[in-house]
Amino acid sequence: MSWADWLKRPGPDVAPMLLGAVLTSRTDEGQVAVSLTEVEAYDGPADPASHAWRGRSPRNAVMFGPPGFLYVYLSYGMHWCANVVTGPDGAASAVLLRAGRVVLGHDLARSRRGPGVADRALARGPACLTRALAIGRTHNGLDLSPGHTLSLEPGPRLHAVSVGPRVGVSRAAEVPWRFWVTGDETVSAYRRSPRASPPPVPNDPSW
DNA sequence: TGAACGATTTCCT
DNA sequence: GGAAATCGTTCAA
């Protein structure tokens, strides 16, 4: 199955395939590329935790478009978060890019994140990832095909993949649609939404 | 027209 | 472990 065909599948199916994929940002300053290590799936209007839950709106319109485009939104009035639109045109599935490992342009990424930030933390967390790649509101709706300002290209098939509940969401928090590279140091620290129900396995350290 | 609330990060104790 | 920072979106009236 081709990369483009994979992206036509629902978010939860595509999400684990995105681990190891490389997202590259090209600006006047240079290039920064990250290998994705943590992602989170949202599955259209039927998913209570998705921005698409209440239907199409000016903000989430990109989600309702074709797969392979970037959906960017502002979180907490100060952080940009980036998603890859997946599923057939109109399905409104998306995968939130939560963390990655910088594989190109460390110095540029550090200049955007701060001089004291460790390499492993440059793109650890959804807002840190967008900062390292200089992704903002102007990138909403961009095509992620190769050669563009932002591009997403497949990486090696990974086998050590972990699954758990999504971070920060208060609805459908029990759905295990967060995927990460097992044991990877660039994966963000897990913090469940304070409004979410108690975890099914509260004492499992991998959760 | 107004108020509540985030798919968060960072700093402080 | 707790709270602040900060603003667009959503929902109620």
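Chain A is the first sequence line, chain B the second, and so forth, proteins listed ahead of strands; every chain is numbered from 1. This one's a predicted model, so the numbers in the text were calculated from it and none came from an experiment.
The residues A:Glu29 and A:Arg112 are annotated as salt-bridged, a charged nitrogen and a carboxylate oxygen being separated by less than 4.0 angstrom. One finds a salt bridge joining A:Arg166 and A:Asp47 here, because a Lys/Arg side-chain nitrogen approaches an Asp/Glu carboxylate oxygen to under 4.0 Å.
At the heavy-atom level, A:Arg171 lies nowhere under 4.0 Å from the strands shown. Heavy atoms of A:Ala49 sit under 4.0 angstrom from at least one base atom.
Here the side chain of A:Thr130 pairs a donor or acceptor atom with the backbone of A:Trp80 at under 3.5 angstrom.
Atom pair A:Leu129:CG and B:dT9:P shows a separation of 10 Å (rounding to whole Å applied). Remark: P of C:dT9 and CG of A:Asn60 are 10 Å apart, rounded to the nearest angstrom. One atom, CH2 of A:Trp53, and another, C1' of B:dA7, lie 15 Å apart when rounded to the nearest Å. Note: CD (A:Glu38) to C1' (B:dT9) measures 14 Å, nearest angstrom.
Residues from residues 68-91 of chain A lying near DNA chain B, meaning a heavy-atom separation below 4.0 Å, are A:Tyr73, A:Ser75, A:Tyr76, A:Gly77, A:His79, A:Asn83 in numerical order.
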A:Arg110 and A:Asp119: CA distance, side-chain angles, deciding distance, salt bridge (Lys or Arg N to Asp or Glu O under 4.0 Å) verdict: CA-CA 8 Å; A:Arg110 192 176 300 102; A:Asp119 281 3; 2.4 Å; yes

Derivation and outcome, side-chain contact (heavy atoms from CB on, under 4.5 Å), residues A:Leu158 and A:Val181: CA-CA 8 Å; A:Leu158 301 180; A:Val181 177; 3.8 Å; yes

Evaluation steps, salt bridge (Lys or Arg N to Asp or Glu O under 4.0 Å), between A:Arg124 and A:Glu185: CA-CA 9 Å; A:Arg124 186 176 57 184; A:Glu185 59 188 4; over 6 Å; no

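The side chain of A:Arg54 places an N or O atom within less than 4.0 Å of a non-bridging phosphate oxygen (OP1 or OP2) of C:dC11. Phosphate contact (OP1/OP2 of B:dA7, side-chain N/O of A:His51, threshold under 4.0 Å): present. Of the side-chain N and O atoms in A:Ser50, none sit less than 4.0 angstrom from OP1 or OP2 of B:dA7. When the side-chain nitrogen and oxygen atoms of A:Arg113 are compared with OP1 and OP2 of B:dT10, one or more of them lie within a distance under 4.0 Å. In terms of phosphate contacts, A:Arg98 brings a side-chain nitrogen or oxygen within less than 4.0 Å of OP1 or OP2 of B:dT8. A:Arg166 has no side-chain polar atom (N or O) that falls below the 4.0 Å cut-off from OP1 or OP2 of B:dG6.
Taking the P atom of each, C:dG1 and B:dA7 are spaced 23 Å apart, rounded to whole Å. If you take atom P in C:dA4 and the same atom in B:dA4, they sit 16 Å apart, rounded to whole Å.
Remark: C:dT6 base-pairs with no nucleotide in the shown strands. Criterion, Watson-Crick or G-U wobble with two distances under 3.5 Å. Under the Watson-Crick and G-U wobble criteria, each requiring two contacts below 3.5 Å, nucleotide B:dA7 is left unpaired.
Looking at A:Val167, A:Val187, A:Val39 one by one, the single match for side-chain contact (heavy atoms from CB on, under 4.5 Å) with A:Arg98 turns out to be A:Val167.
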